Amino acid sequence: MREEPTDEVNAAIAEIARRYPQPRSAALMVLHFLQERFGCLTPPLIEQAAEQLGLQPVNLYELVTFYPMFRMRPAGRWHLRLCRTLSCALAGSAELHRYLCEKLGLDPSERGPQTTPDGRVTVEFVDCLARCHQAPAALCNEEEWDRVDKGKLDEFLRRLESERGDELG
Amino acid sequence: MAAERRLILRHIDQPGYTPDIDCYRRHGGYKTLEKALRLEAAEGPDGRRLTPQERLRQEVAVSQLRGRGGAGFPTGLKWSLVDRTSGKPIHLICNADESEPGAFKDRQILYKDPHQLLEGMILACYANEAHQAWIYIRGEFIQGARILEKALEEARRAGFLGNNILGSGYDLEIHIHRGAGAYICGEETALIESLEGRRPYPRVKPPFYPTVFGLYQCPTIVNNVETLCAVKHVIEMGGAEYAKLGSPNNTGTRIVCLSGCVRRPGYYEIETGKVTLRELIFEESFGGGLREGRRLKAVIPGGVSSRVFRAGEKVKLPSSDPSEQGAARAVDALDIPYDFTTVAAAGSMSGAGAIIVLDDTVSMVEALANIAEFFAHESCGQCVPCREGSFWISEILRRILRGEGRPQDPDELLRIARNIAGGKTVCAFGDACARPVESFVTKFEEEFRAACGARIGAPAGGE
Ligand SMILES: Cc1cc2nc3c(=O)[nH]c(=O)nc-3n(C[C@H](O)[C@H](O)[C@H](O)COP(=O)(O)O)c2cc1C
Ligand code: SF4
Ligand code: FES
């Protein structure tokens, strides 16, 4: 399902670049745009964007490999980022991460993003989300979850099941 | 009884208060900007004629406002260091990266009162004759970036941004730049690199500070979200009035973030230095104390980068009574007023105002392991002591938690921390990652030794 950049995409990149005195500055915002649009940053996308910004592909690859939010492989339809840092850990986020990973057949000792074999869910154990007063905090796609507990995770797992049922049915 | 003093958070969380421009204006928003843009040149205190912009900068200097991003650097002084003779454009960047674990104050402003930030930013830009500005917002604030985009659009339509703002002849554009999950981007020179489209490797300083060589090698001001909101209040009240709030050298209000083992975690705005740590943690109007049956064990006063205080710890402070000529007196760490100066004099720092409370159920070894993993993960990797040291520290702590600690491990942790700290690295992250290690291990030595199967005072053996 690899999409190629189209004229429309190129126009959007040019539009982002126009905001900056130097086109290279647009790199991060362009990568965000491409990842949101295509799901992940594939080499053709990266190389095309580099060309348009007047950069070498390596100038963008070194960003994609540095910043944790960028990915070169697709994430699940649901991307759940659970906070692992101190205030959330004190509120039990490690147990919640383990619980979720075990339910989904993922490795609880892995903190980086991992996706279920059916490609449905990506779980990531991330650093402080700046909502420590609502610990444990999580980010599910763009939705901010406060005071996550097992009940909330069970509800999420049920939602996944019913989605799967809908697709099969 | 100590109470909140809401200035920046005045409207936030009030029923019916929304982040749109109409609501902001109904509450008096942008009035300060309108007034500032009409300001005329006038004679300053020293008889020199000041331009309107100089007058605004003067107010900020008089207010003694200190930056709320972590270092507490005086904002007026920072602005006075801007090179205004280079002929190059002056840039302003709002640091909205908020990623110090324990801090969540900027987020409240960004999500719930974005126009207050914009008004402060436009005032700061006007005062410094900047015509281009950026808000660098952390990547995880996805909704926040969207709220800001909408706010910028509204401000443009209302004539507060763009060309010839409110007929004043002043032009300004503000753009949003999203980070992508790297803590180091909060460090101002890493942030600038990131904004230039490069890996966020902090720059070597001194000699070149952003106010002289910043974005695109142009003079650049980097200020925190809360700082820029405070600027709005300084201009609104006048610098001298603002300076009456808080305490000397710690003027104004600060938003304090309380999290961890307290009954009422949350954000509280106080007059700086008018409330003690004990009041913040225990009073009903703030943290409300600990959970039933728990006892206080430790307090991290300024984010995970600060040195921890042990409950009951006595700290030495210079006496404020002039007759005692600064003689040191010992006070309980909990009884120090929460501000920049006193917390620093007590050996720690208030940083970005992030207080994390630990009760007697918390293992200090586990807590430090959690913090160490954060630093190991977030080191940008540019300097060897930081990159390797933060990783070793984290690995040793994991080993201790697995029950495989060696008797010499506490000393080993201290040795590594000391080899990172003290100006051996390009940026302050190195010291930040050493401080918790050094303070946890020395102040909770018995716990670390016990976890490593050694008794206090036992000589550390070989392998
Ligand atoms: C490792 C590191 C991380 C930082 N993170 C932030 C941050 O997330 N937000 C922030 O405003 N300042 C952060 N700072 C401080 C900035 O470098 C800078 O001092 C600040 O943005 C200046 O604004 P102020 O003068 O208004 O405080 C960080 C500093 C270091 C060394
Ligand atoms: S001290 Fe650490 S974070 Fe700072 S530049 Fe060096 S390696 Fe990077
Ligand atoms: S520690 Fe989890 S949101 Fe800050």
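Just so you know, these numbers come straight off a predicted model, no measurement behind them. Chain identifiers are assigned alphabetically (A, B, ...) following the order of the sequence lines, protein sequences preceding nucleic acid strands; residue numbering begins at 1 within each chain.
Heavy atoms only, all atoms of each residue included: A:F66 and B:C380 are closest at CE1-O, 3.8 Å. The nearest pair of heavy atoms linking A:Y67 to B:C185 is CE2-SG, 3.7 Å. Residue B:G181 comes nearest to A:P68 through the heavy atom pair O-CG, 3.2 Å, listed as atom of the first residue, atom of the second, then distance. A pairwise comparison of heavy atoms in A:R131 and B:F104 identifies N-CB, 4.1 Å as the closest pair. Heavy atoms only, all atoms of each residue included: B:R138 and A:L129 are closest at NH1-C, 3.7 Å. Of all heavy-atom pairs between A:L139 and B:E140, the closest is CD2-O, 3.8 Å.
Counting heavy-atom pairs under 4.5 Å between each of B:R264, B:E98, B:Q143 and chain A puts B:Q143 at the top. Taking chain A as the reference chain and counting heavy-atom pairs below 4.5 Å, the highest number among B:P200, B:A103, B:G179 is found for B:P200. For chain B, the option among A:E143, A:E142, A:Q134, A:R81 with the highest count of heavy-atom pairs below 4.5 Å is A:E142. Heavy-atom pairs under 4.5 Å with chain A were tallied for B:G139, B:P89, B:C257; the largest tally goes to B:G139. Comparing B:E373, B:E173, B:E378 by how many heavy-atom pairs each has under 4.5 Å with chain A, the most go to B:E373.
Heavy atoms closer than 4.5 Å to chain A are found in the side chain of B:Q108, but not in its backbone. For B:L195, the parts sitting under 4.5 Å from any heavy atom of chain A are the backbone and the side chain alike. Contact of B:L258 with chain A is made through the backbone alone, with heavy-atom distances under 4.5 Å. At a 4.5 Å heavy-atom cutoff, the contact between A:P21 and chain B is made by backbone and side-chain atoms alike. If you measure heavy-atom distances from B:S194 to chain A, the contacts under 4.5 Å come from both the backbone and the side chain. Of the atoms belonging to B:V357, it is backbone heavy atoms, and not side-chain ones, that fall under 4.5 Å from chain A.
Residue B:R198 holds its CZ atom at 10.0 Å from CG of A:L55, rounded to the nearest 0.5 Å. We find the OH-CZ distance between B:Y216 and A:R24 to be 11.0 Å, quoted to the nearest 0.5 Å. Atom NE2 in A:H32 sits 8.5 Å away from atom CD1 in B:I142 (nearest 0.5 Å).
In B:R402, the CZ atom is crowded: over 12 heavy atoms of neighbouring residues, nucleotides or ligands sit closer than 6.0 Å. At most 12 non-hydrogen atoms from other residues, nucleotides or ligands lie less than 6.0 angstrom from NZ of A:K103. Residue-environment remark: CD (A:E62) exceeds the threshold of 12 foreign heavy atoms within 6.0 Å. Within a 6.0 Å radius of CZ in B:R156, other residues, nucleotides and ligands contribute more than 12 heavy atoms. For CZ of B:F391, the number of neighbouring non-hydrogen atoms (other residues, nucleotides, ligands) closer than 6.0 Å is 12 at most.
Remark: A:R98 pairs with A:E95, A:E102, A:P108 by the side-chain contact (heavy atoms from CB on, under 4.5 Å) rule, at least two apart or across chains.
Within residues 84-93 of chain A, the residues having any heavy atom closer than 4.5 Å to a heavy atom of chain B are A:R84, A:T85, A:L86, A:S87, A:A89, A:L90, listed by residue number.
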Verdict with supporting geometry, B:R199 and A:T65, side-chain contact (heavy atoms from CB on, under 4.5 Å): CA-CA 10 Å; B:R199 275 196 173 188; A:T65 52; 3.1 Å; yes
A:Y20 vs B:H177, side-chain hydrogen bond (donor to acceptor under 3.5 Å, both in side chains): CA-CA, chis, key distance, verdict: CA-CA 10 Å; A:Y20 296 92; B:H177 191 86; 2.7 Å; yes
Verdict with supporting geometry, B:S99 and A:D127, side-chain contact (heavy atoms from CB on, under 4.5 Å): CA-CA 8 Å; B:S99 4; A:D127 279 316; over 6 Å; no
Working for side-chain contact (heavy atoms from CB on, under 4.5 Å), residues B:Y183 and A:C128: CA-CA 9 Å; B:Y183 168 73; A:C128 182; over 6 Å; no
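B:H377 is listed as a side-chain neighbour of A:R111, based on a closest heavy-atom distance under 4.5 Å.
Ring-plane geometry between A:H133 and B:Y267 is classed as perpendicular, the angle between the planes exceeding 60 degrees on a 0 to 90 degree scale with a lower cut at 30.
The residues B:R178 and A:E36 are annotated as salt-bridged, a charged nitrogen and a carboxylate oxygen being separated by less than 4.0 angstrom.
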